[in-house]
Amino acid sequence: MWRVRWTNNAKWRFSNMSKNFDDILAKLKTADTKKMSVAVAQDTHVLEAVKVAKERGIVDSILVGDKEQIEEKAKEVGMDLADYEIIDVKDTIEAARTAVSLVHDGKADIYMKGALESKDFLKSVLDKEVGLRTGRPLSHVCVFEIPGIDRLLFLTDVAFMPYPTLEDKKVIIEYTVEVARACGVECPKVAPLAAVEVVNPKMPVTVEAAELTRMCEEGEIKNCIVDGPLSMDLAIDPEAAKHKAGALDRKIVGDADILLFPDIHAGNLTYKTIVRLATVKNGNILTGTKAPVILTSRSDSVEVKVNSIALAAVVAEDKKKGIL
């Protein structure tokens with residue numbers, strides 16, 4: 001799908017953007033197969049996702065964990081382990097440290113959580129010796145394919161950063177723009193969300209949204225268009241914008257690509273409402289790390305895990321090319 005974009009340097013551009021996860025998979029057909037390191041891989045759903053990802057040519061995987069348990073779980077999903085490297089590490093903490101070191105040392109491109117607690121997985125990500133820390137805060141982006149919306153929506157931060165400051169929000173935008181660009185959205189439109197679309201000094205969220213807009217206009221935030229504050233309807237519904245006085249004069253008229261939430265409550269409630277009440281596809285990754293990190297919930301479906309792997313792979317491809 002071709003869309004016209006108005007960039008910060010005021011030139012028209014076209015973007016062959018991904019409008020669904022099939023488009024993301026199509027992009028990967030022209031890229032080298034990435035290598036993924038899985039920490040504590042003895043998890044049935046994770047192994048099934050790893051199997052599907054290999055069958056689709058998205059990634060090859062190194063499975064780190066208890067070899068006997070990995071073999072047992074693999075039988076449950078009909079997975080032939082002959083095509084996989086297995087590193088036998090019984091202790092889960094050491095398995096995570098071994099798995100993340102493979103990415104740290106350039107032997108793998110993507111790091112994925114298996115059957116261990118999220119806090120232990122994150123400790124490995126932030127390990128000073130073998131982890132993937134950059135010195136910047138970590139964040140999270142969830143990518144949705146929603147029927148009736150002609151593009152992917154990038155929601156952030158819905159799971160990681162509780163109460164982002166203005167500077168945090170600037171960093172979150174920069175992270176999420178990188179992910180969107182990896183998905184083919186050359187100059188994504190970013191909507192800092194609020195309950196209203198006008199600045200109200202009594203509502204700090206609106207003041208910060210306006211400040212983020214100024215930062216983008218003055219080149220402090222690059223490669224995107226920021227327009228805030230915006231209410232959710234004006235951010236994603238062109239028809240709603242038509243009926244709102246002054247909305248058609250905005251940079252975003254129901255066509256936002258990135259939805260920036262004011263805090264984790266707004267983001268997480270929106271995320272869970274979408275996945276529980278609508279038939280959607282989604283995937284998510286951590287951002288702010290040296291390499292893509294997949295931190296899915298154990299309750300996430302195999303499809304969500306596969307979509308997350310695909311998302312991580314397109315980001316890894318841009319990192320390999322030096323674009324990110």
Side-chain angles (χ1 to χ4, degrees), residues 15-39 49-50 53-54 56-62 99-100 102-104 106-113 121-122 125 131-134 136-145 151-161 171-188 190 222-224 257-258 260 281-296 300 304-324:
S15 176
N16 189 11
M17 60 179 280
S18 299
K19 62 180 181 179
N20 52 45
F21 280 98
D22 286 341
D23 288 346
I24 291 177
L25 291 173
K27 289 180 183 297
L28 293 171
K29 291 181 180 179
T30 60
D32 293 335
T33 302
K34 299 296 175 288
K35 184 80 73 173
M36 184 169 72
S37 176
V38 184
V50 166
K54 181 173 180 59
R56 295 183 182 178
I58 303 172
V59 294
D60 291 324
S61 296
I62 303 172
V100 76
L102 295 172
V103 185
H104 177 274
K107 297 177 182 178
D109 308 292
I110 300 165
Y111 184 42
M112 184 174 188
K113 173 181 172 291
F121 180 76
L122 288 171
V125 172
L132 303 174
R133 62 195 298 161
T134 63
R136 305 180 81 192
L138 300 186
S139 186
H140 175 277
V141 58
C142 180
V143 182
F144 271 107
E145 175 187 331
R151 62 197 180 279
L152 292 171
L153 286 181
F154 300 78
L155 278 62
T156 189
D157 181 329
V158 305
F160 201 82
M161 197 178 292
V171 170
I172 291 171
I173 290 174
E174 291 169 344
Y175 291 160
T176 311
V177 165
E178 289 183 348
V179 176
R181 284 168 64 84
C183 293
V185 189
E186 184 180 348
C187 186
V190 183
K222 303 181 185 299
N223 300 317
C224 63
D257 301 294
I258 296 173
L260 175 69
K281 294 181 180 180
N282 70 283
N284 57 83
I285 59 172
L286 281 183
T287 55
T289 51
K290 290 181 180 178
V293 174
I294 302 171
L295 176 60
T296 52
D300 283 332
V304 170
K305 289 178 169 65
V306 173
N307 289 341
S308 299
I309 294 169
L311 184 62
V314 294
V315 173
E317 177 67 10
D318 271 15
K319 284 184 178 293
K320 180 180 178 182
K321 292 178 179 177
I323 296 173
L324 301 183

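The figures here come from the full heavy-atom set of this structure, side chains too, leaving out hydrogens, waters and symmetry mates.
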- [ ] Examine distances only and state if a side-chain atom of E145 and a backbone atom of F21 form a donor-acceptor pair shorter than 3.5 Å.
- [x] yes
TODO: Answer whether the closest heavy-atom distance between the side chains of P137 and V171 falls below 4.5 Å.
DONE: yes
TODO: Would you sort out whether K281 and N307 count as a side chain to side chain contact (heavy atoms under 4.5 Å, CB included), showing the intermediate values?
DONE: CA-CA 8 Å; K281 294 181 180 180; N307 289 341; 3.9 Å; yes
Open item on the list: Donor-acceptor check, side chain of R181 to backbone of E186, threshold 3.5 angstrom: yes or no?
Closed with: yes
Task: Heavy-atom donor-acceptor pair, D109 side chain to A316 backbone, under 3.5 Å - done: no
TODO: Side-chain contact test, heavy atoms from C-beta onward, threshold under 4.5 Å: evaluate it for L152 versus I24 and give yes or no.
DONE: yes
Task: V143 side chain near N284 side chain, heavy-atom distance below 4.5 Å - done: no
Open item on the list: Strictly distance-based, threshold 3.5 Å: is any side-chain N or O of T289 a donor or acceptor partner for the main-chain N or O of R133?
Closed with: no
TODO: Indicate the atoms forming the closest heavy-atom contact of G288 with L138, along with that distance.
DONE: O-CD2, 3.6 Å
TODO: Report the residues that fulfil side chain to side chain donor-acceptor pair (under 3.5 Å) with K320, sequence neighbours left out, ordered by chain and then residue number.
DONE: D32
- [ ] For N282, check side chain to side chain donor-acceptor pair (under 3.5 Å) against everything at least two apart and list the hits.
- [x] none
Task: Heavy-atom closest pair, residues P292 and K319 - done: CD-CD, 4.0 Å
TODO: With the side chain counted from C-beta on, respond yes when V141 and Y175 share a heavy-atom pair under 4.5 Å apart, and no when they do not.
DONE: no
Task: F144: partners by ring pair (Phe, Tyr, Trp, His ring centres under 6.0 Å), with sequence neighbours left out - done: Y271
- [ ] Only counting residues at least two apart or in another chain, list the ones meeting side chain to side chain donor-acceptor pair (under 3.5 Å) with D22.
- [x] none
- [ ] With side chain to side chain contact (heavy atoms under 4.5 Å, CB included) as the test, would you mind laying out the steps for N223 and E178 before giving the verdict?
- [x] CA-CA 9 Å; N223 300 317; E178 289 183 348; over 6 Å; no
Open item on the list: Rounded at 0.5 Å granularity, tell me how far CD1 in I294 sits from OG in S308.
Closed with: 6.0 Å
Task: Approximate separation, where rounding is to 0.5 Å, of I258 CD1 and T156 OG1 - done: 8.0 Å
- [ ] Please name the pair of heavy atoms, one in A310 and one in I58, separated by the smallest distance, quoted to 0.1 Å.
- [x] CA-CG2, 3.9 Å
Open item on the list: Rounded at 0.5 Å granularity, tell me how far CG in D157 sits from OG1 in T287.
Closed with: 7.0 Å
Task: Exam field: side chain S61 to backbone S37, donor-acceptor pair closer than 3.5 Å - done: no
- [ ] Only counting residues at least two apart or in another chain, list the ones meeting salt bridge (Lys or Arg N to Asp or Glu O under 4.0 Å) with E317.
- [x] K34, K321
- [ ] For D300 and T296, indicate whether the former's side chain and the latter's backbone hold a donor-acceptor pair under 3.5 Å.
- [x] no
- [ ] Tell me, please, which residues at least two apart from F154 pass ring pair (Phe, Tyr, Trp, His ring centres under 6.0 Å).
- [x] none
TODO: Take V190 and V177, measure what side chain to side chain contact (heavy atoms under 4.5 Å, CB included) needs, and give me the verdict at the end.
DONE: CA-CA 8 Å; V190 183; V177 165; 4.3 Å; yes
Open item on the list: Among residues at least two apart in sequence or on other chains, which ones pass side chain to side chain donor-acceptor pair (under 3.5 Å) with R136?
Closed with: E174
Task: Residues that A49 engages under side chain to side chain contact (heavy atoms under 4.5 Å, CB included), provided they are two or more places apart - done: V302, K305, V306, I309
Open item on the list: Would you say NZ of K290 has more than 12 non-hydrogen atoms from neighbouring residues, nucleotides or ligands within 6.0 angstrom?
Closed with: yes
Task: Intermediate values then yes/no, side chain to side chain contact (heavy atoms under 4.5 Å, CB included), L25 and R56 - done: CA-CA 8 Å; L25 291 173; R56 295 183 182 178; 4.1 Å; yes
Open item on the list: Does any part of the side chain of L122, heavy atoms only, come nearer than 4.5 Å to the side chain of L286, both counted from C-beta?
Closed with: yes
Open item on the list: Could you work out, with salt bridge (Lys or Arg N to Asp or Glu O under 4.0 Å) as the rule, every residue matching K54, not counting sequence neighbours?
Closed with: D60
